[in-house]
Amino acid sequence: MADTLSITDNRTGKKYEVPISDGTIRAMDLRQIKAAPDDFGLMTYDPAFLNTANCRSAITYIDGEKGILLYRGYPIEQLAEESDYLETAYLILFGELPTHNQLQQWTSQITNHTMLHENIKKFMEGFQYDAHPMGIFLSTVGALSTFYPDAKDIFDKDSRMKQIYRLIAKVPSIAAYAFRHSIGRPYNYPDNDLSFAGNFLNMLFRMTEVKYQPNPVLARALDVLFILHADHEQNCSTTTMRTIGSSQVDPYSGLAGAAAALYGPLHGGANEAVLRMLNEIGSVAKVPEFIKKVKAGEGKLMGFGHRVYKSYDPRAKVIKRIADLVFAVTGKNPLLDIALELERIALQDDYFVTRKLYPNVDFYSGLIYQAMGFPTEMFPVLFAIPRTAGWVAQWEEMLLDSETKIARPRQIYTGPVQRDYVPRDKRS
Ligand code: CMC
């Protein structure tokens, strides 16, 4: 028997067979269900796309019930253990792990594109001294489109590749400049002898030394955090990237929008919110009182819960391990004990257990970033750097998909029916 869904319309008595493939029905197949010839046809109503597949994608797979995250089929735990960020970015973009030569070429291309145009510096100098680095970051990424008008040639493979090199290579430089701007220090140029993460630390933290030597443990920890954040299928910012990209604008403009989506406290801003929350709680003794407030609906336990994961976020498990390595170098973050106590109590509490609320990627990442010397405002920027690989991969996949059309959802109109204009002197 064919895989179909049988629908009977009780308004008309008509029966319909709607094909099911890949566990989905096509919303457009419902259009044929009409009560009258002038009926528009049946639509689905799905605010926030809770149950709507917006695309086909071969990049990232998540099983939220089992806590599985795969990039191109490879488990995130194995990539975090064995790979590095640039190799993972290659995998996400091209679908396979690179050969030795491919990796060398890829790394050299990225390394050769890390410099920013000098006018970018001038552009960034226009921001207030206390401007949020994420605001600087997303505006500057958007401004890149004016530096690279060739980026409009989105259906040219070579041009697309060039923008991808530029974006992956330049986002750490923009991020570091945004940070240096916020602390009033001169910008550091990239050092191409260093690794991707090592160079980023150099651009952030180098002072007067001739050659910056990144701490290998911290550079590796940052690199693993980059791997964990590189993609996460159709989340808010990635959907934004695809939606903006569907209008066929250049990828810099699309990425500025994706970064803006990431800025919010429910998405990439969550680890900043976690630290604020931990500071607010202040001590381990006050944790039960805080949990009580959350259960009473007075705020959320930030860093907990996920739209997709209904078990422990696999990225959070890896991050918890890295935290120990980082704290061995930097000293323990004093907020860690509060976080551990929050997790301990929440995981035993019915409220969190029945709602399947577990720590997500952001619960511990902020503690690590803070211990490494990053101010909280930099946290969403640190998320945006690696997520750039995912955004550009998803953008290109969307562009090359023959089913892509400009994103344009429908609505259920709830406003007034048509009425005549009322002259000003006749309004009560
Ligand atoms: N603390 C307390 N209660 C929560 C939380 C939380 N963190 N998250 C969800 N709930 C409750 C929610 O109030 C609801 O309760 P009820 O059924 O009684 O109304 C229930 O759990 C289901 O939640 P929901 O709002 O339907 O879940 P969602 O899928 O819409 O939201 C979320 C997912 C991540 C936005 C949400 O869990 C949240 O706001 N978490 C805190 C912010 C956070 O850590 N965000 C980072 C997400 S991971 C990084 C990323 O991928 O961007």
Side-chain angles (χ1 to χ4, degrees), residues 46-52 59-65 67-69 71 76 134 138 225-241 257-278 280-281 287-320 339 342-369 376 379-391 394:
D46 188 13
F49 308 123
L50 288 172
N51 196 38
T52 295
I59 299 172
T60 293
Y61 173 81
I62 301 175
D63 182 331
E65 292 297 328
I68 292 173
L69 168 60
Y71 295 160
I76 193 68
M134 191 62 174
L138 68 92
L225 284 160
F226 284 173
I227 292 173
L228 299 180
H229 286 89
D231 193 52
H232 212 231
E233 53 118 307
Q234 308 313 315
N235 51 78
C236 178
S237 57
T238 302
T239 302
T240 305
M241 183 81 195
L262 188 69
Y263 196 176
L266 296 189
H267 193 4
N271 51 9
E272 189 176 344
V274 169
L275 277 208
R276 232 179 292 119
M277 172 188 77
L278 295 176
E280 233 174 80
I281 297 172
V287 168
E289 188 189 322
F290 179 79
I291 295 261
K292 219 170 168 184
K293 279 191 190 158
V294 170
K295 285 164 62 177
E298 296 171 36
K300 279 185 172 170
L301 178 46
M302 298 311 286
F304 258 67
H306 200 276
R307 172 62 56 78
V308 182
Y309 294 118
K310 300 304 168 196
S311 66
Y312 215 102
D313 181 338
R315 300 168 299 173
K317 276 190 196 148
V318 178
I319 287 187
K320 229 175 148 180
L342 268 175
E343 181 184 336
R344 193 186 66 77
I345 296 186
L347 293 184
Q348 292 173 2
D349 191 298
D350 244 20
Y351 176 95
F352 296 92
V353 174
T354 53
R355 288 171 179 77
K356 299 188 174 175
L357 300 170
Y358 294 86
N360 61 48
V361 68
D362 288 322
F363 193 62
Y364 289 105
S365 61
L367 291 173
I368 301 180
Y369 291 142
T376 47
F379 294 178
V381 182
L382 293 167
F383 194 155
I385 292 171
R387 184 53 59 85
T388 295
W391 287 331
Q394 300 264 356

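As the structure lists them, so they are numbered: ligands from 1, and atoms in each ligand from 1.
When T238, V308, V294, I291 are ranked by how near their heavy atoms come to atom 2 (C) of ligand 1, first place goes to V294. Distances from atom 20 (C) of ligand 1 to the heavy atoms of R355, R307, R387 show the closest one on R355. Nearest residue to atom 49 (C) of ligand 1 from D362, T354, D313 is D362 (criterion: closest heavy atom).
For ligand 1, the polar-atom distance check finds no N/O of M302 at less than 3.5 Å from any of the ligand's N/O atoms. By the 3.5 Å distance cut-off applied to N or O atoms, A270 is not counted among the residues near ligand 1. Considering backbone and side-chain N/O atoms, K310 never comes within less than 3.5 Å of an N/O atom of ligand 1. For ligand 1, the polar-atom distance check finds no N/O of H232 at less than 3.5 Å from any of the ligand's N/O atoms.
Under the 4.0 angstrom criterion, atom 32 (C) of ligand 1 counts as lacking any protein heavy-atom contact. Atom 10 (N) of ligand 1 lies below 4.0 Å from at least one non-hydrogen atom of the protein.
Heavy-atom proximity to Y351, at under 4.0 Å, picks out these atoms of ligand 1: 2 (C), 3 (N), 11 (C), 13 (O). Under a 4.0 Å criterion applied to the non-hydrogen atoms of G303, ligand 1 contributes the atoms 43 (C), 44 (O).
By the criterion of a heavy-atom distance under 4.0 Å, neither the backbone nor the side chain of F363 is placed next to ligand 1. Heavy atoms from both the backbone and the side chain of L266 come within less than 4.0 Å of ligand 1. In L301, the parts holding a heavy atom less than 4.0 Å from any atom of ligand 1 are both the side chain and the backbone.
Taking atom 34 (C) of ligand 1 as the reference point, the nearest protein heavy-atom neighbour is G305 O, 3.7 Å. The shortest contact between atom 51 (O) of ligand 1 and any protein heavy atom is with H306 NE2, 3.5 Å. Of the protein's non-hydrogen atoms, the one nearest atom 36 (C) of ligand 1 is K300 NZ, 4.0 Å.
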Exercise. Let me see the working for L301 and L357 under side-chain contact (heavy atoms from CB on, under 4.5 Å), right down to the final yes or no.
Key: CA-CA 9 Å; L301 178 46; L357 300 170; over 6 Å; no
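Taking both residues in full, the closest heavy atoms of D231 and G390 are given as OD1-CA, 3.2 Å, listed atom of the first, atom of the second, then distance.
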